[in-house]
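This structure is a prediction, so every number in the text was calculated from the model and none was measured. Residues: numbered from 1 along the sequence shown.
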Amino acid sequence: MNLGIRLALLVSMDLNKLANIRVIDCDRIRTYEWNNPISNGDNLLLEEVRFVRHPFLVTSLDDDFLLLEERASFDALADAGLCHFPVQIADPSKIGISVSKIGLFGFEADDLIQLAARHHDQIIIESLPTNKPTMTGYLPIEFVFRDNRFRMLLRHSTQAGCPPSLDFLFRSILRQGRFESIVERTEISGAVTRKGYYSGTMILPQFSLSDLKSASMSDNLYPPGLFEISVDCRVLNIDFPINVLLDSTDIGEKETFFHETVNLRAQSHKISSFKGQVIILNH
């Protein structure tokens, strides 16, 4: 197969994937997590933004869309006055959701025990290991504080979005200190981790896309940074000009502008596609 044919096949495949890139009104985008209280997007000015680098990843939610990542960036742009957003619409059947291990700062075992004592109707705490099965209607969370290990059972009777007890737990952690997702780097030779700085760690059970959708519909939102979202194909580097998004033309014309731009890039062989795992650092 000659180079021209290979490029033609590559471009054809890319253009099929790019059919899922749309421009939609910000009012049609719903979120499943609170805005991160530690955000770098404060006081963003649109005149200082040249383009939207990557489309925001969403999936269908009835007549609207569920934002799957980059809540802080979305809020910063929306608060600055951007009404139209480029998005990539992911197929729900191709979305993977994993739960991050959480590192705690400034929240100790005694804080957890006191919290459970004050809210014994919502929280049960047990020392690990335990042979007790998880009670129906409760959400199990495992905590490790140095040499102490606990299982916390949070009451989850509504089954609609984030349980109020889980929301309360994370807000209590933020009053004492903070939390962050833990990225395991043990496979990288010579990597430096911050594990020793954590006051403790916590592991949550698995959640589903239905849980995230339920959170957005019920406004029982999850704390930020708990979930890692993966899809079978991610489109990056669309570099959608902010002045086009701000223009008074309708959404259809803005989508047409994007697809014409894609055609020009395809003709210049500036579209790349990769099969298998691709690792992008600092995108």
Side-chain angles (χ1 to χ4, degrees), residues 14 17-59 61 64-90 100 105 174 178-181 183 194 212 216 219 221-231 233-268 270-272 278-283:
D14 286 335
K17 295 290 186 182
L18 291 173
N20 292 325
I21 304 296
R22 297 270 307 279
V23 178
I24 61 176
D25 194 293
C26 66
D27 291 338
R28 298 185 64 196
I29 300 175
R30 306 192 62 159
T31 59
Y32 66 84
E33 61 183 7
W34 341 319
N35 194 8
N36 194 330
I38 303 173
S39 174
N40 296 322
D42 295 338
N43 303 316
L44 178 69
L45 299 175
L46 288 181
E47 53 264 33
E48 297 176 355
V49 181
R50 293 179 52 204
F51 48 75
V52 175
R53 191 69 192 271
H54 310 303
F56 287 85
L57 188 64
V58 302
T59 193
L61 181 69
D64 291 325
F65 298 91
L66 178 68
L67 181 66
L68 296 175
E69 58 184 25
E70 300 293 340
R71 164 85 198 255
S73 297
F74 171 79
D75 281 345
L77 288 168
D79 290 345
L82 188 63
C83 295
H84 295 160
F85 282 75
V87 300
Q88 177 184 345
I89 304 174
S100 301
F105 298 86
L174 288 177
R178 63 185 180 88
F179 64 88
E180 67 176 29
S181 61
V183 179
R194 297 169 57 187
L212 274 54
S216 70
D219 286 331
L221 305 183
Y222 287 96
L226 301 188
F227 308 114
E228 295 289 338
I229 307 295
S230 61
V231 291
C233 174
R234 186 68 168 104
V235 178
L236 301 174
N237 294 359
I238 63 171
D239 293 341
F240 206 117
I242 201 77
N243 64 317
V244 174
L245 292 169
L246 289 171
D247 193 82
S248 59
T249 55
D250 63 31
I251 285 177
E253 292 184 43
K254 293 174 183 180
E255 289 183 349
T256 298
F257 168 85
F258 170 72
H259 290 292
E260 289 176 349
T261 302
V262 168
N263 286 332
L264 290 173
R265 293 177 184 175
Q267 291 170 12
S268 302
K270 292 184 177 179
I271 295 177
S272 297
V278 178
I279 299 175
I280 301 176
L281 303 181
N282 196 30
H283 65 83

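By the 30° and 60° cut-offs, the orientation of the rings of Phe240 relative to Phe257 is tilted. Tyr32 and Phe227 have tilted rings, their planes meeting at an angle from 30° to 60° on a 0 to 90° scale.
Side chains of Leu245 and Pro86 form a contact here, defined as non-hydrogen atoms less than 4.5 Å apart. Annotation: side chain of Ile229 is in contact with side chain of Leu212 (closest heavy-atom distance under 4.5 Å). With a 4.5 Å cut-off on side-chain heavy atoms, Phe258 and Ile21 count as touching. Between Ile24 and Phe65, some side-chain heavy-atom pair lies under the 4.5 Å cut-off. At a threshold of 4.5 Å between non-hydrogen side-chain atoms, the residues Leu77 and Leu46 count as touching. Phe179 is listed as a side-chain neighbour of Leu174, based on a closest heavy-atom distance under 4.5 Å. The shortest side-chain heavy-atom distance between Arg234 and Glu69 falls under the 4.5 Å cut-off.
The distance from atom SG of Cys26 to atom CG of Asp79, rounded to the nearest 0.5 Å, is 9.5 Å. Taking CD1 of Ile242 as the reference point, atom CG of Asp247 lies at 12.0 Å (rounded to 0.5 Å). Between the CD1 atom in Ile29 and the OG atom in Ser216 there is a gap of 12.5 Å [rounded to 0.5 Å]. To the nearest 0.5 angstrom, Ile89 atom CD1 is 14.5 Å from Phe56 atom CZ. Atom-to-atom distance recorded for Leu67:CG and Leu61:CG is 11.0 Å, nearest 0.5 angstrom.
Distance alone, capped at 3.5 Å, places no donor-acceptor pair between the Arg71 side chain and the Pro224 backbone. In terms of modelled atom types and a separation under 3.5 Å, the side chain of Glu255 and the main chain of Val23 share a donor-acceptor contact. Side-chain atoms of His84 do not come within 3.5 Å of backbone N or O of Asp25 as any donor-acceptor pair. Checking side-chain atoms of Thr59 against main-chain N and O of Leu66 turns up no donor-acceptor pair under 3.5 Å. Of the possible polar contacts, one joining the Asn263 side chain to the His259 backbone as a donor-acceptor pair under 3.5 Å is found. In this structure, the side chain of Glu33 engages the main chain of Gly225 through a donor-acceptor pair within 3.5 Å.
Considering all non-hydrogen atoms of both residues, Gly81 and Leu246 come closest at O-CD2, 4.4 Å. Shown here for Phe85 and Ala78, the closest heavy-atom pair between the two residues is CZ-N, 3.7 Å. Asn35 and Ala72 make their closest contact through OD1-CA, 3.7 Å (heavy atoms, listed as atom of the first residue, atom of the second, distance). Taking each heavy atom of Phe51 and Asp239 in turn, the nearest pair found is CE1-OD1, 3.5 Å. Shortest non-hydrogen contact noted between Val52 and Leu82 is CG2-CD2, 4.5 Å.
The cationic group of Arg178 lies under 6.0 Å from the six-membered ring centre of Phe105 and within 45° of the ring axis, placing it in a cation-pi geometry.
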Inset, instruction - Evaluate the side-chain contact (heavy atoms from CB on, under 4.5 Å) criterion for residues Glu70 and Leu57: first the C-alpha distance (whole Å), next the side-chain angles of each, then the deciding distance (0.1 Å), finally the verdict. - result: CA-CA 8 Å; Glu70 300 293 340; Leu57 188 64; over 6 Å; no

Inset, instruction - Go through the steps to decide whether Asn237 and Arg53 satisfy the test side-chain contact (heavy atoms from CB on, under 4.5 Å), and finish with yes or no. - result: CA-CA 5 Å; Asn237 294 359; Arg53 191 69 192 271; 3.6 Å; yes

Inset, instruction - In sequence, state the C-alpha distance, the side-chain angles, and the governing distance for Gln88 and Leu236, and then conclude on side-chain contact (heavy atoms from CB on, under 4.5 Å). - result: CA-CA 10 Å; Gln88 177 184 345; Leu236 301 174; over 6 Å; no

